[in-house]
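Keep in mind it's a predicted model, so treat the numbers as computed, not measured.
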Amino acid sequence: WKSPRTMGGMIQGGDDFSEHMPDFTYELYDLGEYPDEMLTLGENMALGTVLYLFKHIFDKDFGHIFANAVELLKRIRMKDESIFLEFLEWVLRYTYHARNEDESTVRGYIDQGMDKINDENAGRIAMTVAEQIRQRGQDEGKIMALQDILLKQLKKRFGLTSQNIEHRLRQSGPDMLDKFGESIFDFRNLKDAETWWDDCGKKGSA
């Protein structure tokens, strides 16, 4: 576990304000030390499903893991349909975002697991989540392409770029990228480009 465990450690430059900053430390539990039975056999089946996925989300044999998670969800459905659907959507979104394979591979895991759930509402949720994830991936791809084009234009115009500007571009959405692109030929040098970002930040537009 390499992430900071205190609030101050999570804030860049936090050491400069350490005397004035409340510092909260969270508890860290290694789920690998707990048997699956201990995680999943409690009364809170929704929590058990979450902990089980947290523990195994990076396992190689994830098709088997997802199938087990579906079985846990089916136990929830026997008691409360609405909670079942709520946690099913969470499981689907978490799986899509946490697994590092391509979308088609992850979709294969999910399709195999969903075949075990004979529920029209569950199928509709699975289709909606898949479409939203696919659309988000397409949108992110377009944004990254626009960021790359703007960086190439800066390099071609001035012969180089700066880490500050590249960081600003990578953190910006399509609206700000379009505005920056419209202004790029008004800049006399990289300093003008950095000043443009500073001014937008002061106006709350960046």
Side-chain angles (χ1 to χ4, degrees), residues 1 3 26 28-32 34-151 169-181 206:
W1 187 265
S3 299
Y26 60 85
L28 181 63
Y29 294 93
D30 183 359
L31 294 177
Y34 295 86
D36 290 346
E37 294 77 11
M38 183 179 295
L39 298 176
T40 60
L41 291 182
E43 293 184 4
N44 193 329
M45 290 177 287
L47 176 61
T49 305
V50 171
L51 295 177
Y52 178 77
L53 272 180
F54 280 169
K55 178 181 177 181
H56 293 289
I57 190 63
F58 299 120
D59 285 12
K60 291 183 178 180
D61 184 19
F62 189 73
H64 174 70
I65 298 301
F66 190 83
N68 288 342
V70 167
E71 292 300 322
L72 293 172
L73 288 172
K74 288 168 66 176
R75 290 164 47 194
I76 299 174
R77 182 174 59 170
M78 296 173 60
K79 291 191 173 183
D80 192 315
E81 177 78 9
S82 62
I83 293 180
F84 158 72
L85 294 173
E86 177 182 347
F87 274 86
L88 171 65
E89 182 174 354
W90 179 89
V91 165
L92 293 172
R93 292 189 183 280
Y94 178 64
T95 299
Y96 270 117
H97 288 295
R99 294 294 294 183
N100 57 8
E101 297 110 330
D102 57 86
E103 181 189 334
S104 61
T105 300
V106 179
R107 182 63 185 267
Y109 299 142
I110 291 174
D111 286 345
Q112 292 178 14
M114 293 301 297
D115 286 342
K116 299 182 178 181
I117 302 178
N118 184 19
D119 187 287
E120 182 178 346
N121 291 328
R124 188 178 300 112
I125 287 175
M127 293 180 62
T128 299
V129 170
E131 181 58 33
Q132 290 174 347
I133 297 298
R134 185 178 300 110
Q135 183 62 48
R136 178 177 176 180
Q138 293 175 350
D139 292 343
E140 290 176 350
K142 292 177 182 178
I143 291 174
M144 290 182 64
L146 179 55
Q147 292 167 345
D148 290 339
I149 289 172
L150 292 175
L151 285 171
L169 285 172
R170 296 301 184 191
Q171 297 297 315
S172 297
D175 290 342
M176 284 301 299
L177 294 174
D178 286 340
K179 292 178 182 178
F180 183 77

(Q) I'd like to know whether I110 forms a side-chain contact (heavy atoms from CB on, under 4.5 Å) with Y96, so could you lay out the CA-CA distance, the side-chain angles of the two residues, the decisive distance to 0.1 Å, and finally the verdict. (A) CA-CA 9 Å; I110 291 174; Y96 270 117; 3.5 Å; yes

**Q.** side-chain contact (heavy atoms from CB on, under 4.5 Å) between T49 and F87, worked out
**A.** CA-CA 9 Å; T49 305; F87 274 86; 5.8 Å; no

Q) With side chains defined as the heavy atoms from C-beta onward, is the minimum distance between L146 and D178 less than 4.5 Å? A) yes

Q) Does a side-chain heavy-atom distance below 4.5 Å link L151 with R170? A) yes

Q) Side chains of I76 and L73: closer than 4.5 Å at any heavy-atom pair? A) yes

Q) Of all heavy-atom pairs between N44 and L47, which one has the smallest distance, and what is that distance? A) OD1-N, 3.0 Å

Q) Can you check whether L53 reaches W90 side chain to side chain, under 4.5 Å on heavy atoms? A) yes

Q: Can you see which heavy atom on L85 is nearest to which on A122, and at what distance?
A: CD2-N, 3.9 Å

(Q) Any heavy-atom pair between the side chains of F58 and N100 that's under 4.5 Å? (A) no

Q: Please confirm whether F62 and Y109 have ring centers closer than 6.0 angstrom.
A: yes

Q. Hey, what do you get for CG (L51) to CE (M38), rounding to the nearest 0.5 Å?
A. 12.0 Å

Q) How many angstroms lie between atom CE of M45 and atom CG of D80, to the nearest 0.5 angstrom? A) 9.5 Å

(Q) Walk me through whether I117 and F84 qualify under side-chain contact (heavy atoms from CB on, under 4.5 Å). (A) CA-CA 11 Å; I117 302 178; F84 158 72; 3.8 Å; yes

Q | Side-chain touch H64/D59, heavy atoms, less than 4.5 angstrom | A | no

**Q.** Spatial distance of atom CZ (F66) from atom OG1 (T95) [nearest 0.5 Å]
**A.** 5.0 Å

Q: Before accepting this row, confirm whether a basic side-chain N of the pair E71/R75 lies closer than 4.0 Å to the acidic partner's carboxylate O.
A: no

Q) So do V129 and E89 actually touch side chain to side chain, heavy atoms under 4.5 Å? A) yes

Q: Could you tell me whether the side chain of Q147 and the main chain of L169 form a donor-acceptor pair under 3.5 Å?
A: yes

Q: Please determine, by modelled atom types, if H56 and N68 share a side-chain donor-acceptor pair under 3.5 angstrom.
A: no

Q.
Restricting to non-hydrogen atoms, name the atom on P174 and the atom on I143 that form the minimum distance, rounded to 0.1 Å.
A. CD-CD1, 3.8 Å

Q.
I'd like to know if K55 and D30 make a salt bridge, using a cut-off of under 4.0 Å between side-chain N and carboxylate O.
A. no

